[in-house]
Amino acid sequence: MMKILSVVGARPNFMKVAPLHRAFLKRGIDSRIVHTGQHYDAKMSEVFFEQLGLPQPDHYLGVGGGTHTQQTARIMLKFEEVLSRENPDLVLVVGDVNSTLACALVAVKMHYPVAHVEAGLRSGDPSMPEEINRILTDRISDYLFVTEYSGLVHLAEEGVARDKTFFTGNVMIDSLVHFREKVSKTSVLQDLSLLPSDYVLMTMHRPSNVDREEGLRDILEIMRRIGVHKRLVFPMHPRTRNNFERFGLMAALRQMEQLLIIQPVGYLEFLQLMQQAFAVLTDSGGIQEETTFLGVPCFTFRNSTERPVTVDLGTNVLLSDLSPDSVEKAFSRLLAGEVKAGVVPPLWDGHAAERIADILLEQPVLST
Ligand code: UD1
Ligand code: UDP
């Protein structure tokens, strides 16, 4: 029986591993899960296990926060012990967080084959910690599963052998498709006294936006201006909350009547908030994809994206000029009915994890 050890660590990992775990079990694969504990608050971690039907992880490494080096090194030390004990046929990592690179690196050093799901994405911005994680993880992985065409192009340009890369679609969208019916039954709109299309949903957590006081002040001003037209719902990421507090800006936030600041919400509630929103403002990676799938207008507060298909085919608009004036202009166009039409990208159909599981089962090196 093939044994696969899948790694989760941070919020965007759980909804990617859940459909893979289901597809592995369905095919008789011994599927085990390691949680590094990079994210550890109940609202950033536990809630996803409950809602996504993931079993308790087989191993919890409890690494928590710290500098990139501290976090990466702690994960590596602890994952090495787990890997020696588990001795799987394959280590599977998803996305681009520190847990992704740390575990992939340990695995190759110990001569275990590595699969990277969501390979080939590139923002072209080396100052993003995730870009380093993406490039290095892809460089050392044996099986590279790609969500969009740009990924295939990048991997080919970087000299990755063609027979290691597979265009299989988007496992994050698998989760969305799987849970969509349940999503509509959540009472989050009533609980927050919101009406469909009457609010803008906002998330921010990229260091380039939230680690500087100036960036946070711009975000405040942008919210003030959008708040003239629509209510704003802001489930605040812990990094962002810490920084608003550190720079003494929480009081200013709380003064905004149109703004509803809430804790990070569960997956089902977040999908419901997203699909009923007038628009989404974000700097998240995954949310650019989910809004494209749902056909909801999305403004991304970044000057580049590693997910260009969301701009080329989807509803995503990059706001490279984050000055309040320019964001206000873009928002006014949306208010005036200038909505960017979009289509769902190829293979974002709810079956990516099944394709990945089938490909892995076909690999003679893994199944002997
Ligand atoms: C991480 C990922 C980022 C991803 C994001 C998703 C890296 C380099 N960054 O960023 O790619 O988009 O997760 O949300 O891997 N904290 C808590 N509670 C938690 C988790 C974090 O309070 O449950 C606080 C801690 O102070 C921690 C800080 O947030 O030090 C940053 O957490 P960390 O995991 O290092 O990075 P994120 O900004 O969350
Ligand atoms: N998400 C959630 N609750 C929230 C905010 C986001 O469940 O309060 C989900 C969102 O639907 C998506 C994932 O978390 O599936 C994205 O994670 P995040 O934005 O933290 O990370 P990124 O994709 O930027 O790496």
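Since the model is a prediction, treat every value here as computed from it, not as a measurement. The figures here come from the full heavy-atom set of this structure, side chains too, leaving out hydrogens, waters and symmetry mates. Whatever order the structure lists ligands and atoms in, that order sets their numbers, starting from 1.
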Quiz item: With backbone taken as N, CA, C and O and side chain as the heavy atoms from C-beta onward, which portion of Pro12 lies under 4.0 Å from ligand 1: side chain, backbone, both, or neither?
Solution: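 Near ligand 1, Pro12 shows its side chain, while the N, CA, C and O stay back.
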
For ligand 2, is there an N or O atom under 3.5 Å from any N or O atom of [X]?
{"X": "Ser284", "value": "yes"}
{"X": "Gly286", "value": "yes"}
{"X": "Val265", "value": "yes"}
{"X": "Gly285", "value": "yes"}
{"X": "Arg11", "value": "yes"}
{"X": "Asp96", "value": "no"}
{"X": "Thr203", "value": "no"}

Would you mind running through ligand 1 and noting each atom that sits below 4.0 Å from a heavy atom of [X]?
{"X": "Val97", "value": "2 (C), 11 (O), 15 (O)"}
{"X": "Glu130", "value": "3 (C), 9 (N), 11 (O)"}
{"X": "His237", "value": "14 (O), 37 (P), 38 (O), 39 (O)"}
{"X": "His205", "value": "4 (C), 5 (C), 6 (C), 12 (O)"}
{"X": "Arg206", "value": "3 (C), 4 (C), 11 (O), 12 (O)"}
{"X": "His68", "value": "8 (C)"}
{"X": "Met44", "value": "23 (O)"}

Self-check item: Salt bridge present between Arg225 and Asp325 (N-O < 4.0 angstrom)
Solution: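 Looking at Arg225 and Asp325, the cut-off is met.
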
Quiz item: Who pairs with Arg206 by salt bridge (Lys or Arg N to Asp or Glu O under 4.0 Å), at least two apart in sequence or on another chain?
Solution: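 If we apply the salt bridge (Lys or Arg N to Asp or Glu O under 4.0 Å) test to Arg206, skipping adjacent residues, the hits are Glu130.
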
Quiz item: Parallel, tilted or perpendicular: which describes the rings of His35 and Phe49, with under 30° parallel and over 60° perpendicular?
Solution: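 If you compare the ring of His35 with that of Phe49, the planes turn out parallel.
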
Practice problem: Specify whether Phe48 and Phe14 have parallel, tilted or perpendicular ring planes, treating 30° as the upper limit for parallel and 60° as the lower limit for perpendicular. | Solution: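 Phe48 and Phe14: parallel rings.
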
Quiz item: Is Met204 close to Thr282 at the side-chain level, that is, under 4.5 Å between some pair of heavy atoms?
Solution: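 No, every pair of side-chain atoms sits at 4.5 Å or beyond.
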
Quiz prompt | atom 20 (C) of ligand 1 within contact range, any protein heavy atom under 4.0 Å | solution =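 Under the 4.0 Å cut-off, atom 20 (C) of ligand 1 does have protein heavy-atom neighbours.
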
Practice problem: Report yes or no: is the cationic atom of Lys230 (NZ for Lys, CZ for Arg) under 6.0 Å from the centre of the six-membered ring of Phe278, at an angle within 45° of the ring normal? | Solution: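 Cation-pi check for Lys230 and Phe278: passes.
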
Quiz item: Can you tell me if Arg74 uses its side chain to pair, donor with acceptor, with the backbone of Gly65 under 3.5 Å?
Solution: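 Yes, Arg74 side chain to Gly65 backbone: donor-acceptor pair under 3.5 Å.
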
Quiz item: What is the nearest protein non-hydrogen atom to atom 39 (O) of ligand 1, stated with its residue, atom name and distance?
Solution: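 Result: His39 NE2, 2.7 Å.
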
Quiz item: Any idea which of Gly95, Ala10, Pro235, Pro12 brings a heavy atom closest to atom 21 (O) of ligand 2?
Solution: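 The residue whose heavy atom sits nearest atom 21 (O) of ligand 2 is Pro12.
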
Practice problem: State, to 0.1 Å, how close Thr292 and Asn316 come at their nearest heavy-atom pair, and which atoms those are. | Solution: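 Distance-wise, the nearest heavy atoms are OG1-N, 4.1 Å.
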
Self-check item: Gly266 near ligand 2 by a heavy-atom separation under 4.0 Å
Solution: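 Yes, that is the case, since the closest heavy atom of the residue is under 4.0 Å from the ligand.
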
Identify all side-chain donor-acceptor contacts of residues 343-361 below 3.5 Å with residues at least two apart in sequence or on another chain.
{"residue": "Trp348", "atom": "NE1", "partner": "Thr147", "partner atom": "O", "Å": "2.9"}
{"residue": "Asp349", "atom": "OD1", "partner": "His351", "partner atom": "N", "Å": "3.0"}
{"residue": "Asp349", "atom": "OD1", "partner": "Arg355", "partner atom": "NH2", "Å": "2.8"}
{"residue": "Asp349", "atom": "OD2", "partner": "Arg355", "partner atom": "NH1", "Å": "3.1"}
{"residue": "Asp349", "atom": "OD2", "partner": "Arg355", "partner atom": "NH2", "Å": "3.3"}
{"residue": "Arg355", "atom": "NE", "partner": "Thr168", "partner atom": "O", "Å": "2.9"}
{"residue": "Arg355", "atom": "NH2", "partner": "Thr168", "partner atom": "O", "Å": "3.2"}
{"residue": "Arg355", "atom": "NH2", "partner": "Leu347", "partner atom": "O", "Å": "3.2"}
{"residue": "Asp358", "atom": "OD1", "partner": "Arg27", "partner atom": "NE", "Å": "2.6"}
{"residue": "Asp358", "atom": "OD1", "partner": "Arg27", "partner atom": "NH2", "Å": "3.4"}

Quiz item: Taking N or O atoms only and a 3.5 Å limit, does Arg239 qualify as a polar contact for ligand 1?
Solution: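 Yes; at least one N/O pair falls below 3.5 Å.
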
Quiz item: Are any of the N or O atoms of Arg11 closer than 3.5 Å to those of ligand 1?
Solution: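 No.
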
